[in-house]
Enquirer: 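To start, I am sharing the structure in question, which I have written as C-alpha cells.
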Amino acid sequence: MLLPIPFNDFTTRDAQTGEVTHVVGGKSSEGIKFVAVELPPGSTPPPDLASIPKTLAANPANKVSDVRRRTSGDAEILSLTVSDGGKTMHMRCIDAKGTRYTLTIEFPNAYRDLVAANKDRFFESFKLKTKS
C-alpha cells in the first residue's frame, strides 16, 4: 500500500465482541485524508456491498456517482465517489474470503486536481497477498 503522505497505523478491538479493525491512514495539511481499513471476519458481517451506495445516497446532501462493481479472482470490488458539495470521497471496498478492506480518499473540493494525480496510484497499490 502506497500512501503519498505521512501516516499512522493502529488496531482497535471492540471490548464487547472482541472484533478487531486494522487501520492505516493520514491527513495532509490541506485536509486530504488517505485511509485503508481491514475488517477481518467477525460475528457481525459488514454491510453488503450493494447496500453501500444506497446508504450513502439516503443522505440528501450526498451525490453518489461512478458506482462500479466487479470481480477479480476471489474478490468482489465496489468503487464509488460521493460528494456533499464541499468535499468529496473516493471509496473502494474489497470483500475477499470474508475480510472487508475499505480504501478511502476524502478531500476538500479545492484539491480535486491534486487528489486526481494520486488516486489511481493509491487504489492500485493495494494488493491482496496470496499464500504461497
Enquirer: Find the distance between CG (Leu49) and CG (Leu78) and round it off to the nearest 0.5 Å.
Expert: 5.5 Å
Enquirer: Among Leu80, Ile52, Ile77, find the one that has a side-chain contact (heavy atoms from CB on, under 4.5 Å) with Cys93.
Expert: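 It is Ile52, the one option of Leu80, Ile52, Ile77 that forms the side-chain contact (heavy atoms from CB on, under 4.5 Å) with Cys93.
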Enquirer: Going only through I, L, V, M, F, W and Y residues with side-chain contacts under 4.5 Å, is there a path from Tyr111 to Ile105?
Expert: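 Yes, it is one cluster - the side chains of Tyr111 and Ile105 are joined through contacts under 4.5 Å.
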Enquirer: Could you tell me whether Lys63 and Asp84 make a salt bridge, using a distance below 4.0 angstrom between a side-chain N and a carboxylate O?
Expert: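 Salt bridge between Lys63 and Asp84, a charged N being under 4.0 Å from a carboxylate O: no.
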Enquirer: Can you confirm whether the side chains of Glu30 and Ser28 place a donor and an acceptor under 3.5 Å from each other?
Expert: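 Yes.
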Enquirer: Do the rings of His90 and Phe123 sit parallel, tilted or perpendicular, given the 30° and 60° boundaries?
Expert: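 Judged by the thresholds at 30° and 60°, the geometry between His90 and Phe123 is perpendicular.
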Enquirer: Using the side-chain contact (heavy atoms from CB on, under 4.5 Å) definition, which of the options Val82, Asn62, Val67 pairs with Pro53?
Expert: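 Considering Val82, Asn62, Val67, a side-chain contact (heavy atoms from CB on, under 4.5 Å) with Pro53 is found only for Val67.
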Enquirer: Can you hop from Val23 to Leu103 via hydrophobic side chains spaced under 4.5 Å?
Expert: no
Enquirer: What are the two closest non-hydrogen atoms of Lys127 and Glu124, and how far apart are they?
Expert: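 The answer is NZ-O, 2.8 Å.
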Enquirer: For the residue pair Phe34 and Phe122, categorise the inter-ring angle as parallel (less than 30°), tilted (30 to 60°) or perpendicular (more than 60°).
Expert: perpendicular
Enquirer: Nearest 0.5 angstrom please: Asp74 CG to Asp95 CG, how far?
Expert: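 Atom-to-atom, Asp74:CG and Asp95:CG are 12.0 Å apart.
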Enquirer: Transitively linked via ILVMFWY side-chain contacts under 4.5 Å: Phe10 with Val37?
Expert: yes
Enquirer: So, for Thr88 and Ser83, which heavy atoms are closest and what is the spacing to 0.1 Å?
Expert: OG1-OG, 3.4 Å
Enquirer: Look up atom NE2 in His22 and atom OH in Tyr101, then write down how far apart they are to the nearest 0.5 Å.
Expert: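 Result: 9.0 Å between the selected atoms.
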Enquirer: Just by distance, do the side chain of Thr55 and the backbone of Ser51 share a donor-acceptor pair under 3.5 Å?
Expert: yes
Enquirer: With the threshold set at 4.0 Å, does a side-chain nitrogen-carboxylate oxygen contact exist between Glu76 and Arg100?
Expert: no
Enquirer: Using every non-hydrogen atom in the two residues, find where Pro108 and Ile32 come nearest and quote the distance to one decimal.
Expert: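 So the two residues come closest at CD-N, 4.4 Å.
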Enquirer: Nearest 0.5 Å, what's the CD-CZ distance between Glu19 and Arg13?
Expert: 10.5 Å
Enquirer: Hey, could you give me the CZ/CG distance between Phe107 and Asn118, rounded to the nearest 0.5 Å?
Expert: 11.0 Å
Enquirer: Quick check: is Leu114 connected to Val35 through a chain of hydrophobic side chains (ILVMFWY, heavy atoms under 4.5 Å apart)?
Expert: no
Enquirer: Looking only at heavy atoms, which two atoms of Gly98 and Pro41 are closest? And how far apart?
Expert: O-CG, 3.4 Å
Enquirer: Would you say the side-chain atoms of Arg112 and Asn109 include a donor-acceptor pair closer than 3.5 Å?
Expert: yes
Enquirer: I'd like to know if the side chain of Ser79 pairs up with that of Arg92 as donor and acceptor (distance under 3.5 Å, no hydrogens or angles considered).
Expert: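 Yes.
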